[in-house]
Amino acid sequence: MALGNCLQVSTTRVGGAVQCHIRTFSSREKLNLPSFNKGLKKSALSFPSLGYSKTTSRKSLFVCQAREALNTVQVVTESSWNNLVIASENPVLVEFWAPWCGPCRMIAPVIDELAKEYSGKIDCFKLNTDDSPNIATQYGIRSIPTVLFFKNGEKKESVIGAVPKSTLSATIDKYVEQ
């Protein structure tokens, strides 16, 4: 999933012109990056002057945002709900929100912080109730922001309103294996 956020950017010098090539990776490909322990220096990965030098005509630069993808709150919709929330092996936090909701905007940075702090231990998602009303109705969401906690595809707990970070952290700690 996170591999889709990785790109290989390479340039080719043809005559006096520089051509840029971008290759994205599918989720089935394995990304092999050079090991710095085997004699490769970090300076070998710097690409001044648009990624080429006079000694070589082609170099590659890997631009990978996979770590950031794991550390952020992802959007879940009705079509992705089962795959991302119900089928998740990790405990899941889902924030139900809407763009017009003031308290939702207040709690959004708190949810972002929690996603970073618990990266790899929980999956954090947000569901726009205007765009996905059927999921909100299915779980009885009558007020937003509402944060639901799932484990093994089952709803375990809900927290309603713009609550302090400590309240959400304490709830997450109940479902995260220490």
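- Side-chain atoms of Thr167 do not come within 3.5 Å of backbone N or O of Val163 as any donor-acceptor pair.
- Closest of all the heavy-atom pairs between Asp130 and Pro133 is O-CD, 3.9 Å.
- Here Lys126 contributes atom NZ and Asp112 contributes atom CG; the two are 6.5 Å apart, rounded to the nearest 0.5 Å.
- No side-chain heavy atom of Trp81 sits under 4.5 Å from any side-chain heavy atom of Ser132.
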- Query: Could you go step by step and tell me if Leu114 and Ile172 meet the side-chain contact (heavy atoms from CB on, under 4.5 Å) rule?
  - Reply: CA-CA 9 Å; Leu114 291 169; Ile172 291 170; 4.0 Å; yes
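- Cluster annotation: Trp97 and Leu168 are assigned to distinct hydrophobic clusters (Ile/Leu/Val/Met/Phe/Trp/Tyr, side-chain heavy-atom contacts under 4.5 Å, transitive).
- Taking 4.5 Å as the limit, every side-chain heavy atom of Asp123 sits out of range of all side-chain heavy atoms of Val94.
- Between Glu157 and Lys151, none of the side-chain N atoms (NZ, or NE/NH1/NH2) sits under 4.0 Å from a carboxylate O, so this pair counts as no salt bridge.
- Between the SG atom in Cys101 and the CE atom in Met106 there is a gap of 9.5 Å [rounded to 0.5 Å].
- Using a 4.5 Å heavy-atom cutoff, the side chains of Thr146 and Val159 are not in contact.
- Side-chain atoms of Ser80 and Thr77 include a donor-acceptor pair closer than 3.5 Å.
- If you run side chain to side chain contact (heavy atoms under 4.5 Å, CB included) between Cys104 and each of Ile144, Asn128, Ile111, only Ile144 comes through.
- In this structure, Leu93 is a member of the same hydrophobic cluster as Val176, with clusters built from ILVMFWY side-chain heavy atoms closer than 4.5 Å.
- In plain terms, the two heavy atoms of Tyr175 and Thr171 that are nearest each other are CD1-O, 3.2 Å.
- Within the 4.5 Å cutoff, the side chain of Lys174 has no heavy atoms near those of the Pro91 side chain.
- One finds the NZ atom of Lys116 at 11.5 Å from the SG atom of Cys124 (value rounded to the nearest 0.5 Å).
- Note that CZ of Arg105 is 10.0 Å distant from CH2 of Trp100, once rounded to the nearest 0.5 Å.
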- Task: Start with the C-alpha distance between Ile107 and Glu95, add both sets of side-chain angles, then the distance that settles side-chain contact (heavy atoms from CB on, under 4.5 Å), and finish with yes or no.
- Result: CA-CA 9 Å; Ile107 199 172; Glu95 176 198 7; 3.3 Å; yes
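- Shown are Ile86, Val85, Leu84, Asn90; of these, the side chain to side chain contact (heavy atoms under 4.5 Å, CB included) with Ser88 is made only by Asn90.
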- Report the C-alpha distance between Leu148 and Phe96 in whole Å, list the side-chain angles of each, state the deciding distance to 0.1 Å, and finish with yes or no for side-chain contact (heavy atoms from CB on, under 4.5 Å). CA-CA 8 Å; Leu148 296 185; Phe96 288 78; 3.4 Å; yes
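- Taking 4.5 Å as the limit, some side-chain heavy atom of Ile135 sits within range of a side-chain heavy atom of Leu127.
- Within the 4.5 Å cutoff, the side chain of Val92 has no heavy atoms near those of the Phe149 side chain.
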- Criterion side-chain contact (heavy atoms from CB on, under 4.5 Å) on Gln138 and Lys155, from CA distance to verdict: CA-CA 11 Å; Gln138 178 182 346; Lys155 177 187 157 193; over 6 Å; no
- Could you go step by step and tell me if Phe150 and Tyr139 meet the ring pair (Phe, Tyr, Trp, His ring centres under 6.0 Å) rule? CA-CA 12 Å; Phe150 292 82; Tyr139 288 95; 5.4 Å; yes
